[in-house]
Amino acid sequence: MQDIGLSFPDLVLEGNPQEKAHIFYDRPLSQATIGIWESESGTLRFDPYPFDELCIIVEGEVSLVDESGQQDAFKAGDLFIIEKQFRGLWMMPRRLRKFFVELKTA
């Protein structure tokens, strides 16, 4: 895992979610990135989320709270998709590790 600091420093509302990642696949022509990502606890506000992403939680937990207040919580073993244009909070009460597939389409 490589230290990557903060991907979105201006979106941090709480904590110091320092990040690490290991990328298995990243091909610009395919518009897909696959890897393992982890972060220390923190809360970020996305307005909007920059891409479609499939996530499988490996360790920890995350809650997503959309603009209407709808909250979905995910823990180790859970799979979910966060859609491009999601607006809301990404809340990690403790260290989070996830497997991810990012789809960077227009």
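Small disclaimer: the values here were computed from a predicted structure and weren't measured.
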Side-chain heavy atoms nearer than 4.5 Å, only ILVMFWY residues, links allowed to pass through others: does that put [X] and [Y] together?
X	Y	result
I4	I23	yes
I34	L79	yes
L89	W37	no
I57	L54	no

Original post:
Could you give all pairs that pass the ring-ring contact (aromatic ring centres under 6.0 Å, His included) test and reach residues 58-91, with sequence neighbours left out?
Top reply: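 Passing the test, one end in residues 58-91: F74-F80.
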Counting C-beta onward and ignoring hydrogens, is there a side-chain heavy-atom pair between [X] and [Y] closer than 4.5 Å?
X	Y	answer
F46	F8	yes
V101	E53	no
K98	I56	no
L44	L13	no
Y25	S30	yes
Y49	K84	no

Mind checking salt bridge (charged side-chain N to carboxylate O under 4.0 Å, His left out) for [X] and listing every partner two or more places apart, or none if nothing turns up?
X	answer
E61	R94
E59	R95
D47	R87

Original post:
Partners of N16 by side-chain hydrogen bond (donor to acceptor under 3.5 Å, both in side chains), sequence neighbours excluded?
Top reply: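 For N16 the side-chain hydrogen bond (donor to acceptor under 3.5 Å, both in side chains) partners, ignoring immediate neighbours, are Q18.
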Hey, what do you get for [atom1] ([X]) to [atom2] ([Y]), rounding to the nearest 0.5 Å?
X	Y	atom1	atom2	answer
M91	S41	CE	OG	12.0 Å
S63	D72	OG	CG	8.5 Å
I36	M1	CD1	CE	7.0 Å

Atom of [X], atom of [Y] and distance for their closest heavy-atom approach:
X	Y	result
A73	D78	O-OD2, 4.3 Å
F24	G35	CD1-CA, 3.5 Å
M92	E40	CE-O, 3.6 Å
L6	P17	CD2-O, 3.0 Å
L96	G60	CD1-C, 4.1 Å
K104	F51	CG-CB, 4.2 Å

**OP:** Output yes when a side-chain donor or acceptor of D52 lies under 3.5 Å from a complementary backbone atom of E83, and no otherwise.
**Re:**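 Checking the backbone N and O of E83 against the side chain of D52, no donor-acceptor pair under 3.5 Å is found.
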Original post:
Tell me the side-chain hydrogen bond (donor to acceptor under 3.5 Å, both in side chains) pairs involving residues 3-13, sequence neighbours left out?
Top reply: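 Only S7-E19 qualify under side-chain hydrogen bond (donor to acceptor under 3.5 Å, both in side chains).
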